[in-house]
Amino acid sequence: MQKIFLALTAVVLLSGCSVQSETWVNQAGRAQVTEDQFADYLETSKLNPSTLQSISSYYQRFGNGPMNVVVAYDPLSKTNTVSKAEKALDIIRKGLFQNGVRDINAISSPVKGSGDISTTLVSFPALTASAPASCGTMPGYKDPSQDIPNDTNIKPPYGYGCTIETLLAKQVARPSDLMGAQGGSITSDGRRAERVLSTRGYYGDSENQKLEGESVSQAE
């Protein structure tokens with residue numbers, strides 16, 4: 001009876017204890033897309049073809065709406081005039097268009113007291129990729145002196161996999177791709193794939209005509 005009593009007592013004590021601890025695995029999800037705003041002031045005279053190409057490339061990666069270009073001039077200046085601003089605006093617009101930027105709102109604007117040097121404001125809504133919120137990175141990643149805790153009973157300081165998601169977010173070339181394909185394109189992609197397998201893909205169902213070319217020699 002004593003042995004049975006001790007066994008029952010042990011069962012009762014163990015039932016009041018929990019061997020489960022909070023998971024250290026990332027529960028915050030995958031890399032996410034957030035809305036942002038790109039804006040930069042540049043000296044108008046320095047907006048050369050190379051700079052415009054760089055701006056266009058950045059816009060192609062992160063742009064999420066129309067690009068706004070405002071070339072400033074000083075109505076009191078004899079050098080930073082409206083005519084020069086309009087001329088520069090036309091060059092900028094053409095340069096951006098040649099590099100693939102189609103949605104452009106470009107204007108010139110008077111700014112009294114701005115002086116003899118014209119500046120240009122380039123801005124557009126953007127999308128950026130980032131790690132999941134409240135995910136964190138593992139100890140030692142940013143500060144090598146930090147140690148990884150070995151006590152699983154404490155609240156996890158980070159989630160396993162969060163560091164990978166952080167690095168992955170930094171390598172996303174075009175964050176809008178994380179949002180998936182636009183509506184309808186998935187169905188059409190499937191239809192095209194089926195046509196490639198069962199027929200001739202994009203080119204119809206009929207066979208090509210026999211190729212006949214000139215012969216350079218004739219066997220005798």
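Start at 1 with the first residue, then count along the sequence.
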Cation-pi check, R174 to F62: give yes when NZ or CZ is under 6.0 Å from the six-membered ring centre and within 45° of the ring axis, no otherwise.
no

Kindly compute the distance separating [atom1] ([X]) from [atom2] ([Y]), expressed to the nearest 0.5 Å.
X: K87; Y: T81; atom1: NZ; atom2: OG1; value: 10.5 Å
X: I91; Y: L96; atom1: CD1; atom2: CG; value: 12.0 Å
X: N80; Y: I117; atom1: CG; atom2: CD1; value: 8.5 Å
X: S108; Y: D90; atom1: OG; atom2: CG; value: 11.5 Å
X: Y73; Y: L76; atom1: OH; atom2: CG; value: 11.0 Å
X: Y59; Y: R102; atom1: OH; atom2: CZ; value: 10.5 Å

E35, CD: over 12 other non-hydrogen atoms inside 6.0 angstrom
no

Using only atom types and a distance under 3.5 Å, with no angle test, would you say the side chain of [X] pairs donor to acceptor with the backbone of [Y]?
X: S54; Y: S50; result: yes
X: S56; Y: L52; result: yes
X: D74; Y: S114; result: yes

Work out which heavy atom in [X] is nearest to a heavy atom in [Y]; give both atom names and the distance.
X: P75; Y: K112; answer: CG-CG, 3.7 Å
X: T79; Y: S77; answer: N-OG, 3.2 Å
X: S118; Y: A72; answer: OG-O, 2.6 Å
X: I55; Y: M67; answer: CG2-CE, 3.9 Å

State which residues pass salt bridge (Lys or Arg N to Asp or Glu O under 4.0 Å) with E43; sequence neighbours excluded, sorted by chain then number.
K46

Do [X] and [Y] have side chains that approach each other closer than 4.5 Å (heavy atoms only, starting at C-beta)?
X: Q37; Y: S123; answer: yes
X: P66; Y: I104; answer: no
X: L127; Y: T34; answer: no
X: F38; Y: D40; answer: yes
X: V69; Y: N105; answer: no

Do V70 and V122 belong together in a cluster built from hydrophobic side chains that touch within less than 4.5 Å?
no

List in chain and number order the residues that pass side-chain hydrogen bond (donor to acceptor under 3.5 Å, both in side chains) with N48, two or more places apart in sequence or in another chain; answer none if no residue qualifies.
T51

Between V71 and I92, does the side chain to side chain contact (heavy atoms under 4.5 Å, CB included) criterion hold? Intermediate values first, please.
CA-CA 9 Å; V71 178; I92 294 172; 4.0 Å; yes

Could you go through L47 and T120, starting from their C-alpha distance and side-chain angles, then the distance that decides it, and tell me whether this counts as side chain to side chain contact (heavy atoms under 4.5 Å, CB included)?
CA-CA 9 Å; L47 285 171; T120 297; 3.7 Å; yes

